[in-house]
Amino acid sequence: MATTVRRMLTWLGAAALTAVAVLVGPTAAQAATPAWPTLSSGTSGANVTSAQFLLRHHGRTLSVDGYYGSGTVSAVQGFQSANGLTADGIVGPLTWSRLVVTLDVGANNNAVRALQTALNKYGHGLTVDGAWGTATTNAVNSFKASRGLTGGTTVGATTWQWLIGDGQGGGNYRLVIGRSVLPRSEYDDPHHDYPALDLPTWTGVTTYAITAGTISHVGGGCGYGIGISGDDGAYYQYCHLSSRSVAAGSRVSAGQVIGYTGNTGNSTGPHLHLEIRVNGGNRCPQQMLLALYDGASVPAPSALPSSGCTY
Ligand SMILES: [Zn+2]
């Protein structure tokens with residue numbers, strides 16, 4: 001990799017980041033609860049599957065296929081009408097709040113299937129059978145501990161919001177940090193010298209695998225760095241972490257926790273440095289990360305430009 005991996009923090013930027021860190025605390029667990037995603041006709045992915053299972057739990061008839069088609073629109077409209085909501089066929093914050101139900105150990109229903117589907121976004125690999133047994137308990141405990149959530153094994157509205165709203169993204173890809181950590185404007189910034197993206201987080205922000213693949217550890221100027229050789233054929237490199245939580249050679253799924261942001265290696269302030277390489281050449285990550293932030297259709301790595309994102 002290039003020898004210079006250095007974030008150019010302006011004095012003003014550093015001051016603003018300090019203020020953010022004071023306001024919301026140094027760890028992801030203390031960050032604000034992520035916003036509910038808005039699902040509508042044509043969207044797809046695990047959150048759509050969870051919504052479909054929750055609609056079934058509330059007695060609606062529809063296919064559970066992870067695709068928001070006309071059958072899902074009709075089921076959502078029926079659910080909204082029955083609950084005094086505007087029947088627009090779109091699952092936004094109000095509809096999510098009515099769809100989720102409080103669950104605990106021993107439950108056996110379609111809401112548990114929605115929960116198991118959501119937990120699997122974070123790499124838990126549960127069988128989606130609707131039966132809350134030991135494996136589901138372990139996954140819930142792990143997820144709640146990683147987000148600093150209280151209340152024992154109970155999955156209430158706040159835990160649902162973290163499960164559905166955090167680490168979201170489209171298809172086989174997930175945003176690399178929680179959506180609520182940074183504003184959208186941080187995802188389109190150019191990088192110095194060569195195509196990459198610097199996300200100015202504070203230290204300790206939970207970092208997720210952008211896609212499924214095999215882990216390598218990277219050192220040198222990258223500090224505690226992680227490479228993911230993606231199943232999509234692209235290579236993703238994260239630098240300057242404070243710690244890694246996956247071993248070299250291990251497999252990860254999209255959205256799995258791989259470590260925590262930091263300031264190790266050749267870095268002048270806490271940030272997450274991200275590179276995407278296709279056939280060894282760096283691509284501009286900005287369009288891909290913005291699509292993930294927006295919940296929009298994600299461009300293939302090979303479709304990303306190889307210039308135009310540097311200063
Ligand atoms: Zn950088």
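Atoms within a ligand are numbered from 1 in the order they appear, just like the ligands themselves.
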Taking N, O or S atoms only and a limit of 2.8 Å, check whether [X] reaches the Zn ion (ligand 1).
X: Asp198; result: yes
X: Cys239; result: no
X: His191; result: yes

Quiz prompt | From CA spacing to verdict: side chain to side chain donor-acceptor pair (under 3.5 Å), Thr137, Trp132 | solution = CA-CA 7 Å; Thr137 298; Trp132 183 326; 2.8 Å; yes
Quiz item: Under 6.0 Å from the six-membered ring centre of Tyr293 and within 45° of its axis: does the NZ or CZ of Arg179 meet both?
Solution: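 Yes, a cation-pi geometry.
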Quiz prompt | Identity of the N, O or S atom of His273 lying closest to the Zn ion (ligand 1) | solution = ND1
Quiz item: Stepwise, does the salt bridge (Lys or Arg N to Asp or Glu O under 4.0 Å) test hold for Glu186 with Arg184?
Solution: CA-CA 5 Å; Glu186 297 293 348; Arg184 187 180 190 279; over 6 Å; no
Practice problem: Treating Ile, Leu, Val, Met, Phe, Trp and Tyr as nodes and any side-chain heavy-atom pair under 4.5 angstrom as an edge, say whether Val246 and Val176 lie in one connected cluster. | Solution: yes
